[in-house]
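Worksheet for the structure shown next.
Residue numbers count from 1 along this sequence. Please read these numbers as outputs of a predicted model, since none were measured by experiment. One-based numbering, in listed order, for ligands and for the atoms of each.
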Amino acid sequence: PSVLRGLAPEVPAVRWDDIGGLQEAKAALRELVELPLSHGRLLEAYGLPPPRGALLYGPPGCGKTLLAKAAANECSANFLSIRGPELLSKWLGESEAAVRRVFDAARQAAPCLLFFDEFDSVGGRRSAGGSAGGDAAAARVLNQLLVEMDGLTDRGGVFVLAATNRPEALDPALTRPGRLDHLLRVPLPDAPARSAILAASLARCPLAADVDLAALAGETTEGLSGADMAEVCRRAGMAAIRELVAAEEAAAAQTQRQAGAAAEVRQTAGDA
Ligand code: ATP
């Protein structure tokens, strides 16, 4: 009966190859997520506490969500995604309950990657009075998040990933050992990464012979995010489809005119 009605974990379809660039983040995530989610027993046998969480940070639209989904897919784990603001509820006490429900759902769906997007909305630095960014509800959510993260057992099969554009605004308690203790940078794509994003976005589009992806990834697109690049591809693809449809319609109209003319000729011949 709340904001969390739609808690529906599923294994996402995103593969590592769908993500352009970000080699470092991909490699780090592979290692971080695969061991605890796919080989938890080995870690336990060796008496090693598995990594429980990591923080993805960087500008908007550069692949944080994609990375989280690919990481889950890679180990056939479920993916449960929550936006930070969804956890904030104006009703007293509801927010902590929401956090508990989210972690319960993740445990039930284990192996599960639990992804918190827009994390700064709940993970903000608490003031001396205990409130996060002056917001008491956010502080309660944050406290409950810490409790839940500390309560994840080694064999629980839950890995937490959080994403933020403003890592410096987060409460330092969140990044202590045993919590989100790996920080992975997800920067704006450089030229080779932009070229890879173009290739990934256009993987199924037929390209004209004179399209030069490496050139397009150069200075013209400097400063664009992955989401911007994907949008450029989407618009180009739509324009191409529109041209295709117009050409097909013109051809169909032409065929119809020819058929009409042929019928007229037959008619005239018959009349004669
Ligand atoms: P936000 O901080 O706004 O949540 P984000 O970093 O999580 O953004 P994503 O949701 O992963 O960004 O990316 C948004 C869209 O942009 C993707 O669905 C995809 O189409 C495109 N995109 C972004 N980065 C990449 C990339 N590295 N490779 C391929 N596509 C990308």
Side-chain angles (χ1 to χ4, degrees), residues 3 6 9-30 32-33 53-74 77 79-88 102 113-124 159-170 174-175 180 182-205 207 211 213-214 216-218 220-241:
V3 282
E10 56 179 333
V11 179
V14 181
R15 315 292 309 259
W16 294 120
D17 284 347
D18 299 331
I19 309 175
L22 299 176
Q23 301 310 336
E24 279 175 38
K26 284 185 198 174
L29 267 183
R30 265 207 177 101
L32 273 175
V33 175
L55 182 73
L56 301 168
Y57 69 95
C62 288
K64 296 184 289 296
T65 307
L66 286 181
L67 284 169
K69 286 184 172 173
N73 178 322
E74 182 80 357
F79 180 76
L80 187 56
S81 172
I82 309 289
R83 289 172 45 253
E86 285 179 76
L87 292 174
L88 291 173
V102 167
L113 195 149
L114 178 52
F115 180 61
F116 290 104
D117 205 356
E118 300 175 48
F119 195 57
D120 26 297
S121 59
V122 289
F159 189 84
V160 180
L161 270 179
T164 180
N165 311 322
R166 300 188 305 135
E168 69 288 345
L170 293 185
L174 280 164
T175 44
L180 307 173
H182 290 77
L183 305 188
L184 309 181
R185 200 166 76 91
V186 184
L188 275 178
D190 57 11
R194 289 197 297 277
S195 178
I197 294 171
L198 287 173
S201 305
L202 295 169
R204 288 190 291 169
C205 286
L207 294 187
V211 172
L213 292 186
L216 280 173
T220 1
T221 49
E222 177 85 58
L224 294 193
S225 70
D228 295 331
M229 298 297 289
E231 177 63 12
V232 168
C233 294
R234 197 186 65 83
R235 288 194 199 177
M238 296 290 278
I241 287 174

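Heavy-atom separations between Asp228 and ligand 1 are all 4.0 Å or longer. At a 4.0 Å cut-off, at least one heavy atom of Cys62 sits close enough to ligand 1 to count as contact.
Under 4.0 Å from ligand 1, the heavy atoms of Asp117 that appear belong solely to its side chain.
Shortest contact from atom 7 (O) of ligand 1 to any protein heavy atom: Thr65 OG1, 2.6 Å. For atom 16 (O) of ligand 1, the nearest protein heavy atom (residue, atom name, distance) is Ala227 CA, 3.0 Å. Scanning all protein heavy atoms for the shortest distance to atom 25 (C) of ligand 1 gives Leu66 CD1, 3.7 Å. Ranking protein heavy atoms by distance to atom 29 (C) of ligand 1, first place goes to Asp18 O, 3.6 Å. Looking only at heavy atoms of the protein, atom 13 (O) of ligand 1 is closest to Gly63 N, 4.0 Å. What sits closest to atom 2 (O) of ligand 1 on the protein, heavy atoms only, is Lys64 NZ, 3.0 Å. Scanning all protein heavy atoms for the shortest distance to atom 20 (O) of ligand 1 gives Ala230 CB, 3.5 Å.
Contact detail for Leu80 and Val102: the closest heavy-atom pair is CD2-O, 3.8 Å. In plain terms, the two heavy atoms of Val122 and Leu88 that are nearest each other are CG1-CG, 3.9 Å. Residues Ala193 and Pro189 share a closest heavy-atom pair of CB-CB, 3.6 Å. Taking every heavy atom of both residues into account, Glu118 and Pro85 meet most closely at OE1-CG, 3.6 Å. The two residues Leu32 and Phe159 have their closest heavy-atom pair at O-CE1, 3.8 Å.
Counting non-hydrogen atoms of other residues, nucleotides and ligands closer than 6.0 Å to CD of Glu231 gives a total above 12. Residue-environment remark: CG (Asp17) stays at or below the threshold of 12 foreign heavy atoms within 6.0 Å.
By the 3.5 Å distance cut-off applied to N or O atoms, Gly20 is counted among the residues near ligand 1. Looking at ligand 1, you won't find any N or O of Ala200 less than 3.5 Å from one of its N or O atoms. Residue-to-ligand polar distances place Gly61 within reach of ligand 1: an N/O pair is separated by less than 3.5 Å. The distance criterion of under 3.5 Å between nitrogen or oxygen atoms is not met by Pro59 with respect to ligand 1. Among the atoms of Ser201, none of the N or O lies under 3.5 angstrom from an N or O of ligand 1.
Short contacts between ligand 1 and Asn165, defined as distances under 4.0 Å to a heavy atom of the residue, involve ligand atoms 2 (O). Near Pro60, meaning under 4.0 Å from any of its heavy atoms, are these atoms of ligand 1: 2 (O), 3 (O), 8 (O).
Without hydrogens or angle criteria, Lys64 side chain to Gly58 main chain gives a donor-acceptor distance under 3.5 Å. With Asp228 contributing its side chain and Ser225 its backbone, the two residues share a donor-acceptor pair below 3.5 Å. Of the possible polar contacts, none joining the Ser201 side chain to the Ala230 backbone as a donor-acceptor pair under 3.5 Å is found.
Considering OG1 of Thr164 and CZ of Phe116, their distance stands at 13.5 Å, rounded to 0.5 Å.
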